[in-house]
Amino acid sequence: MDAVSTHQYEVIIIGAGISGMYQLHCLRELGMNVRVFETADDVGGTWYWNRYPGARFDSESYSYGYSFSEELLQEWEWEEHFSAQPETLRYLNHVADKFDLRKHIEFQTRIESARYDKTKNLWHVSCSQGRTACAPFLITALGPISVPTLPNITGLDSFRGEAYHTGLWPHEPIDFRDKRVAVIGTGATGVQVIQEVAKSAGHLSVFQRSPNYCAPLVNSPIDPQTQQEIKKSYTDIFKRCAETHGAFLHKADSRSTFDVTAEEREAFYEKLYGQPGFGIWMGNFRDVLVDQQANDTMNDFMARKVRERVDDPAVAEMLIPTDHGFGTRRIPMETNYYEVYNQDNVRLIDLNSEAIEEITTKGIVTEANEYEFDMIIYATGFDAVTGAFDKIDIRGEDGQKLKDKWTDGPKTYLGLQSAGFPNMLTLVGPHNAATFCNIPRCIEQNVDWVTDLVSYMRDKKWVKVEATQAAEEEWTAHVLTTAEKMLFSKVDSWFMGMNKNLAHKQKRRFLLYAGGAPAYRDKCNDIAADHYRGFAFQ
Ligand code: NA7
């Protein structure tokens with residue numbers, strides 16, 4: 001490293017999304033010299049990149065914003081119960097301005113490697129454009145869903161029309177009118193983009209490999225009176241979030257599925273189906289995500305809903321999942337999604353009966369047909385949770401590569417540190433409750449905890465913190481045991497680290513933490529109170 005050009009800071013943060021921004025704010029409040037490096041040319045992370053039409057929250061807007069500033073809470077007025085991406089990005093820009101964050105952030109700077117120098121107790125990072133920097137602390141704020149993956153289909157680059165991945169959507173408006181548009185992918189993103197593009201596309205073809213159980217979002221504008229009530233209720237809103245498993249406003253019903261009669265169950269499911277947000281997933285019977293028989297009652301209910309809403313019975317059957325149960329994969333939230341398939345300008349192509357063979361200059365060739373398009377939209381997902389770590393050449397104490405250490409699945413303590421990587425703290429890292437959470441709520445917990453740790457070390461004049469091997473093994477085992485109880489552990493999804501487009505991600509390896517946000521928070525607090533049990537300091 002060049003000693004002249006390598007600037008030294010006290011903390012380097014990678015990423016200026018929701019977690020990086022708040023971490024910067026907190027450490028600056030401690031008076032620390034912090035530098036944030038960000039690939040994009042502005043703040044926002046997920047909400048900077050995912051500009052595709054239809055992108056919006058599945059969390060109630062007022063449960064999603066930062067809670068740390070009463071002034072911010074009182075001055076910001078969410079327009080809708082489930083905010084759309086442009087408003088969310090405006091909000092994050094407002095936060096960056098209000099707390100004067102940008103002057104500490106270097107934009108358009110991608111960190112390519114991070115190496116720990118044990119002789120000097122420094123993390124050295126090198127960025128695109130040859131920029132280098134170092135600091136004793138490295139905090140990753142990479143985002144769990146930030147590395148888009150394209151499908152592994154032959155001829156991808158040969159298509160001569162417009163082609164976009166939803167996670168790398170252009171900044172300028174895209175016009176779908178009179179165009180023949182293809183969407184590949186029917187996850188949470190695909191569902192949002194399909195229902196929006198269908199409104200104006202000349203013709204839309206949806207290429208579906210696996211249908212998902214989708215539930216109504218039931219969004220609406222926030223009227224002035226409700227706005228005032230929300231502003232008065234923030235304490236209660238965040239208290240409620242703090243009590244629920246996923247830090248959403250929705251709490252699991254204390255009853256078991258078979259505690260009630262079939263009629264009562266049906267009425268309860270109808271009520272959930274008509275309610276806004278994730279209540280149907282997070283506020284359902286307590287055993288619906290763990291007991292197969294209970295889960296089947298929801299599967300039957302959801303299948304009936306699809307059949308009621310889709311006119312063509314053959315299309316309806318194509319839209320009903322057969323390979324997984326309700327809630328075992330991420331539930332896409334929809335607004336008239338199923339009705340899209342009743343429109344004359346929309347067709348659904350089932351890739352299980354005609355697999356894609358190649359993409360050509362003109363469009364998509366399947367085993368059965370050749371389709372011509374003006375535009376292909378890839379809603380094909382992300383290299384979730386560990387993908388952003390894999391993209392950086394991160395090397396720890398003895399030159400060990402983090403990517404190699406995590407080949408068979410992540411190994412962490414609390415999802416916040418990995419043994420052998422001292423002073424590197426991973427916000428929303430793998431096996432951290434924040435990965436399975438109304439994310440800003442858990443991000444604030446992660447950041448507050450890390451800030452306290454750094455502050456504690458300063459007080460003690462300690463310079464190095466590292467998770468012990470034993471603590472890491474215990475946490476990793478706990479994470480995996482907890483996941484085994486859940487039905488989703490038997491299903492392929494990004495929760496389970498499966499990505500059919502990546503050759504090295506063909507084995508299930510659980511990436512999240514399923515023990516719930518309250519239990520996780522208690523554990524973190526308990527460890528901190530016990531002098532950071534499981535961490536070794538120097
Ligand atoms: P997801 O949930 O990973 O969905 C990706 C979709 O793309 C899914 O339907 C995939 O089908 C499909 N896909 C991926 N590759 C292919 C190929 N090669 N051919 C056909 N279809 C393909 O990503 P999202 O962006 O929707 O959502 C990610 C998260 O972001 C979401 O959960 C929210 O938390 C925010 P498959 O199911 O693999 O058969």
Side-chain angles (χ1 to χ4, degrees), residues 17-18 45-47 49-52 54-59 64 82 85 88 143-156 164-169 182-195 205-215 217 246 248 278 281-282 318-319 321-324 327-334 337 348-359 364-367 376-385 387-388 428 434-439 442 488 491-503 505-506 508 511-512:
I18 296 176
T46 288
W47 302 103
W49 295 104
N50 287 270
R51 293 163 188 255
Y52 61 86
R56 68 169 63 246
F57 287 161
D58 294 329
S59 308
Y64 192 99
F82 299 89
Q85 177 272 338
T88 307
I145 307 176
S146 55
V147 180
T149 44
L150 284 163
N152 53 349
I153 303 172
T154 316
L156 211 66
Y164 308 108
H165 190 289
T166 49
L168 297 167
W169 198 262
V183 174
I184 303 179
T186 50
T189 303
V191 166
Q192 288 188 331
V193 83
I194 288 162
Q195 63 199 18
S205 300
V206 176
F207 289 82
Q208 174 188 268
R209 187 163 65 188
S210 320
N212 285 298
Y213 287 103
C214 310
L217 180 63
F248 288 93
F278 270 151
W281 193 19
M282 304 286 167
M318 279 157 63
L319 289 163
T322 51
D323 65 345
H324 69 275
T328 60
R329 304 178 90 198
R330 188 9 170 116
I331 301 285
M333 300 306 284
E334 51 89 21
Y337 172 66
L348 179 64
I349 294 153
D350 181 2
L351 296 179
N352 297 302
S353 46
E354 48 172 312
I356 296 179
E357 287 189 328
E358 66 172 318
I359 293 184
I364 297 175
V365 177
T366 67
E367 288 166 336
I376 301 178
I377 298 173
Y378 298 105
T380 45
F382 297 83
D383 185 0
V385 188
V428 201
T435 50
F436 201 38
C437 184
N438 183 11
I439 201 160
C442 290
F488 65 63
V491 170
D492 289 348
S493 74
W494 68 260
F495 296 174
M496 296 305 299
M498 278 292 291
N499 189 318
K500 292 178 186 157
N501 296 307
L502 299 172
K505 301 238 162 138
Q506 300 301 311
R508 288 187 199 142
L511 300 181
L512 319 182

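Both ligands and their constituent atoms are indexed starting at 1 by order of listing.
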Problem set entry | Close residues, ligand 1: non-hydrogen atom nearer than 4.0 Å |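 These residues qualify: I145, P151, N152, I184, G185, T186, G187, A188, T189, R209, S210, R329, R330, L351, A379, T380, G381, F382, W494, N501.
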For this session: With sequence neighbours left out, write down each residue that passes salt bridge (charged side-chain N to carboxylate O under 4.0 Å, His left out) with R329, or none if nothing qualifies.
Result: none
Problem set entry | Residue list, salt bridge (charged side-chain N to carboxylate O under 4.0 Å, His left out) with D58, at least two apart or on another chain | R330
For this session: Test F57 against every option in F82, Y64, F248, F278 by the ring pair (Phe, Tyr, Trp, His ring centres under 6.0 Å) rule and name the one that passes.
Result: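 Checked F82, Y64, F248, F278 against F57; only one passes ring pair (Phe, Tyr, Trp, His ring centres under 6.0 Å): Y64.
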Exercise. Is a side-chain donor or acceptor of N212 paired with a backbone partner of C214 at a separation under 3.5 angstrom?
Worked result: no
Hey, can you pull the donor-acceptor pairs under 3.5 Å for the side chains in residues 144-155, sequence neighbours left out?
{"residue": "S146", "atom": "OG", "partner": "L142", "partner atom": "O", "Å": "2.8"}
{"residue": "S146", "atom": "OG", "partner": "G143", "partner atom": "O", "Å": "3.1"}
{"residue": "T149", "atom": "OG1", "partner": "G381", "partner atom": "O", "Å": "3.3"}
{"residue": "T149", "atom": "OG1", "partner": "N499", "partner atom": "ND2", "Å": "3.3"}
{"residue": "N152", "atom": "ND2", "partner": "K500", "partner atom": "O", "Å": "3.4"}

For this session: Can you see which heavy atom on R51 is nearest to which on W169, and at what distance?
Result: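 It is O-CD1, 3.3 Å.
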